[in-house]
Amino acid sequence: MSTTLYTAPGAAGWVVHWLLIELDVPHELRLLDFAKKEQKSPEYLRLNPAGVVPTLVVAGQPMTEAAAIVMQLADTHPAASLAPALATTERARYYQWMLFCANTLQPAFRAWWYPSEPAGEANIDAVKASARTRIEAGFERVDAHLAANGPYLLGEHISTADFMFTMLMRWSRGMPKPATDWPQLAAFVARMKARPSFRTLYEREGLTEWV
Ligand SMILES: N[C@@H](CCC(=O)N[C@@H](CS)C(=O)NCC(=O)O)C(=O)O
């Protein structure tokens, strides 16, 4: 079954790429060049009409939305136990943290990185200030959660939510208060970075920051 990931270095496909490596899924990597607007090319828009990355094409079927893709990868590779069993309390918590990442934190990062989108160039400062407040509140919440319920978001068992959250932490590295300023988050990410797949991911995307 052929698998192709379209992403850009360090972008939202980072978590998908990381899980493909972690799960040992053979795949082809297509790194798009944002400077050349390759994510807006007619060929790519046929796969992902929003013109964003990632897109994962499995056996000819394109799938978009990073969080949805990683949940699907966990379910289709059950031996790795990266998602709890259906209809359990743990599964409910898993949905909660995945959606917290995708629905609460990730849009705040989109606003931080693309601040003219919500309300034009004139409101960039207000949009960034609001994004920063929301991101820091999210980190505060997870830091307290890990202190009480860690070491991972679901407790003892690692899940795709931890990989997703690590990506969001990484995106804060140049912000006024990066995620690693919170002690539990710093300890958490040190564990995630120690995974051999993390190093491979960095090599394949050609990344050097936040190692
Ligand atoms: N909700 C989407 C958001 C994806 C997204 O915003 N990707 C950014 C990179 S992190 C992108 O492709 N930006 C290029 C653009 O908007 O033109 C997902 O999670 O897949």
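Numbers for residues simply follow the sequence, beginning at 1. Read the numbers this way: they start at 1 and go in the same order the structure lists the ligands and their atoms. In this text, all values refer to a predicted model and were calculated from it rather than measured experimentally.
Proximity to Val52 (heavy-atom distance under 4.0 Å) selects the following atoms of ligand 1: 4 (C), 5 (C), 7 (N), 11 (C), 12 (O), 16 (O). Contact atoms of ligand 1 toward Pro54: 20 (O) (distance under 4.0 Å to a heavy atom of the residue). Atoms of ligand 1 found under 4.0 Å from any heavy atom of Gln39, numbered from 1 in the order shown, are 14 (C), 15 (C), 17 (O).
Glu38 contributes a side-chain N or O that, together with a main-chain N or O of Asp33, makes up a donor-acceptor pair within less than 3.5 Å.
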>> Between Arg170 and Leu207, is the side-chain contact (heavy atoms from CB on, under 4.5 Å) condition met? List the steps.
In response: CA-CA 12 Å; Arg170 184 175 184 276; Leu207 301 173; 3.8 Å; yes
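For atom 9 (C) of ligand 1, the nearest protein heavy atom (residue, atom name, distance) is Ala11 CB, 3.8 Å. At the shortest separation from atom 12 (O) of ligand 1 among protein heavy atoms lies Val53 N, 2.8 Å. At the shortest separation from atom 10 (S) of ligand 1 among protein heavy atoms lies Ala12 N, 3.3 Å. With hydrogens left out, the protein atom closest to atom 20 (O) of ligand 1 is Ala66 N, 3.0 Å, a heavy atom. When only non-hydrogen protein atoms are considered, atom 13 (N) of ligand 1 lies nearest to Tyr114 OH, 2.7 Å. Here the heavy atom of the protein found nearest to atom 1 (N) of ligand 1 is Glu65 OE1, 2.7 Å.
Cation-pi geometry between Arg110 and Tyr114 is satisfied (NZ or CZ under 6.0 Å from the ring centre, within 45° of the ring normal).
You'll find the ring centres of Trp97 and Phe100 inside the 6.0 Å limit.
Of the inter-residue distances, the one linking Gln106 atom CD with Ile135 atom CD1 reads 11.0 Å to the nearest 0.5 angstrom. Taken from CG in Leu56 to CD in Glu65, the straight-line distance is 13.0 Å, to the nearest 0.5 Å.
Within the 4.0 Å heavy-atom cutoff, Lys40 counts among the residues contacting ligand 1.
Checked against a 3.5 angstrom limit, the closest N/O atoms of Glu117 and ligand 1 fall outside it.
The option from Met164, Arg110, Gln106 that lies nearest to atom 3 (C) of ligand 1, judged by heavy atoms, is Gln106.
At a 4.0 Å heavy-atom cut-off, ligand 1 does not touch Trp113 at all.
Clustering ILVMFWY residues whenever any of their side-chain heavy atoms sit less than 4.5 angstrom apart, transitively, puts Val127 in a cluster other than the one holding Leu168.
Side-chain atoms of Trp18 and Ser197 include a donor-acceptor pair closer than 3.5 Å.
Heavy-atom neighbours of Arg191 CZ from other residues, nucleotides or ligands within 6.0 Å: above the threshold of 12.
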